[in-house]
Amino acid sequence: MAGSQTRNAPLNLTADEFRELGHDLVEQIAGFLATLPERPVTTGKPPSEIRTLLGQGPLPERGADAGDLLADTARLLFEHSLFNGHPRFWGYITSSAAPIGILGEMLAAAVNPNVGAWTLSPVASEIERQTIQWIAEMVGYPGDCGGVLVSGGNMANFVGFLTALHAKVGWQRQQQKELCLYASKETHTWIHKAVDLFGLDRGAVRWIPADEKLRLRTDVLQQQIEADKQARRQPFLVIGTAGSVSTGAVDPLDELADICQKHDLWFHVDGAYGAFAAVLPENAALFAGMQRADSLALDPHKWLYAPLEAGGALVRDAEKLRATFSYHPPYYKFDQVAGEAVESFVDFGLQNSRGFRALKVWLALKQVGRLGYEQMIRDDIHLAQTLFESIDRHPELEAVTCDLSITTFRFVPADLSLSGDAKAAFLDRLNMNILTHLQEGGRSFVSNALVNGRYVLRACVVNFRTTREDIEALPGIVVQAGMEVLQRQS
Ligand SMILES: *Cc1c(COP(=O)(O)O)cnc(C)c1O
């Protein structure tokens, strides 16, 4: 800085430097996206090897050339990552990222609004508000609901859970009767964390069994609520799932809504994965009742193909959401701008400073509209059904379930002489080993589930790059892996 009128901050780049680096990086990203299908889904390298790539050095004392740094880092990531944007990635529920979302992230970071307060993020706050309204509209939820974008499904479910607790129980919990809530055994593990986080007893969760189609059994639910009431406990919340994480099962939501209405309980729906499939007219019956939920969690980083992270929580009564999270400390002055009342997202959720995660979601919604999403979600579901059918036809594969865009299946060798428990244990272990082999092989990526006690392989298509050809290749890949594992075992 000495002798100069302008400050020379080490991190700063001139406009020309930024332009050149940015063009180079975008060039490399475009090349990477174009060559995704030819790359392995993952290299399956051991952690020690990945660590070696970074070196063991201490924090660098001095800086490096930004151009070299970006080029080297892009190469490092392109050569050693698992690509959920790969057309043959069907593990867990992580979608391929919409290209406009990738660019949107860059734009959001460039402006860097703090979407905690309207004052600090005028356009960004309005874009988030509109995004929430459109998301609600897309799934048939009331457009005047309260809502907030969060990091993902876990956080979105926490928002619904805490709002339920506040609305139905209040803060004076010590004097209350023993609280209880109801959830299917198929509920995602966010529920364990929520119970811990919000200070409930582990026993507060009444685990309701699922039927043979893995949907919550409402007959058992009714009995359990009655029993708890009779024992002078305090039921306050029922959780329904719209697309379970294991198999995509949708609970009987309309019946759950009736039961909640009858007993004056909060109805929360975890639609992190499946809720957006309600955009399809042909799914109207399946999702009937979801629009009656008091709160709904749904993940734009799943079926809206937003780059990580983007989850969303919607609450039917916006005032209840506000009452749960709104405080007015003396050091914030966020209520009015130019004489008009404004709402700040800090009053609707757990975060204080907040990034502009709405932009990537909003851009994608505007780029393709409702019809674009209908087409992509419908195609994903059809591809999962196609997979189920071709597996069902294959003599050495057993198709197990197909709901929404998740198909579960397993390898069952033709000449298996075992029976009973020995056969079950053998098949579980065999398919476990096949999964490891498949995941390390990098030709396609699936995950696993436990369905009625059986260990199964699981393909979840939340991927606009997957083609019919990709799907048709999977049975052959699995059978080949099965043969190789069998050979290795014998
Ligand atoms: C994915 C998922 C979650 C967790 O969401 P994250 O975005 O991973 O935090 C919760 N519930 C269901 C049903 C899910 O599919």
Side-chain angles (χ1 to χ4, degrees), residues 82 84 89-97 101 135 139 147-162 164 181 183-197 205 207-208 210 213-216 237-253 256 267-278 286-287 290 293 295-314 349-351 355 357-358 360-361 377 380-381 384 401 403-408 446-451 458-463:
L82 175 143
N84 44 38
F89 177 83
W90 307 301
Y92 310 102
I93 314 178
T94 311
S95 66
S96 44
I135 284 174
V139 302
V148 62
L149 294 188
V150 293
S151 57
N154 266 35
M155 290 301 291
N157 282 305
F158 295 162
V159 169
F161 191 105
L162 193 59
L181 63 123
S184 151
K185 287 183 173 158
E186 295 293 312
T187 308
H188 186 279
T189 186
W190 68 266
I191 185 82
H192 300 95
K193 296 187 181 182
V195 166
D196 287 350
L197 193 55
V205 186
W207 296 107
I208 309 298
K213 290 190 157 166
L214 303 163
R215 297 170 308 187
L216 185 148
L237 165 67
V238 173
I239 293 154
T241 297
S244 69
V245 63
S246 285
T247 65
V250 179
D251 286 334
L253 303 174
L256 294 182
F267 180 32
H268 174 76
V269 172
D270 176 6
Y273 157 50
F276 289 112
L286 184 65
F287 287 93
M290 190 170 82
S295 53
L296 172 63
L298 70 192
D299 261 359
H301 69 207
K302 288 178 176 170
W303 238 334
L304 294 188
Y305 314 99
L308 293 162
E309 304 161 342
L314 307 180
L350 289 155
Q351 273 184 284
R357 55 169 62 93
K360 58 196 171 191
V361 183
I377 292 174
D380 283 348
I381 291 174
T401 65
D403 281 295
L404 296 179
S405 67
I406 298 178
T407 290
T408 65
V446 297
S447 56
N448 65 287
L450 208 61
V451 177
R458 168 185 174 283
C460 174
V461 188
V462 186
N463 192 335

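Order of listing sets the numbers, starting from 1, for every ligand and every atom in it. Note that the coordinates shown come from a computational prediction; the quantities given were computed from them, not determined experimentally.
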Fill in: Close side-chain approach of Val451 and Leu214, heavy atoms under 4.5 Å
yes
I'd like the atom pairs linking ligand 1 to the protein - N or O on both sides, separation under 3.5 Å - with distances to 0.1 Å.
unit_1: ligand 1; atom_1: 5 (O); unit_2: Gly153; atom_2: N; d: 3.3
unit_1: ligand 1; atom_1: 5 (O); unit_2: Asp299; atom_2: OD2; d: 3.4
unit_1: ligand 1; atom_1: 7 (O); unit_2: Gly153; atom_2: N; d: 2.7
unit_1: ligand 1; atom_1: 7 (O); unit_2: Asp299; atom_2: OD2; d: 2.6
unit_1: ligand 1; atom_1: 7 (O); unit_2: His301; atom_2: NE2; d: 2.8
unit_1: ligand 1; atom_1: 9 (O); unit_2: Gly153; atom_2: N; d: 3.1
unit_1: ligand 1; atom_1: 9 (O); unit_2: Asn154; atom_2: N; d: 2.9
unit_1: ligand 1; atom_1: 11 (N); unit_2: Asp270; atom_2: OD1; d: 3.3
unit_1: ligand 1; atom_1: 11 (N); unit_2: Asp270; atom_2: OD2; d: 2.6
unit_1: ligand 1; atom_1: 15 (O); unit_2: Lys302; atom_2: NZ; d: 2.9

Worksheet item: Mind checking whether Phe161 and Trp190 have parallel, tilted or perpendicular rings, split at 30° and 60°?
Response: perpendicular
Item to complete: Flag the pair Arg357 / Ser151 as yes when at least one side-chain heavy-atom distance between them is below 4.5 Å, and no otherwise.
Response: yes
Worksheet item: With a 4.5 Å limit on heavy-atom distance, are the side chains of Ile191 and Asp270 in contact?
Response: no
Discussion item. So Tyr273 and Val462, do their side chains get closer than 4.5 Å, heavy atoms only?
Written reply: yes
Practice prompt. Please check if the side chain of Ser96 supplies one atom and the backbone of Asn463 the other of a donor-acceptor pair under 3.5 Å.
Written response: no
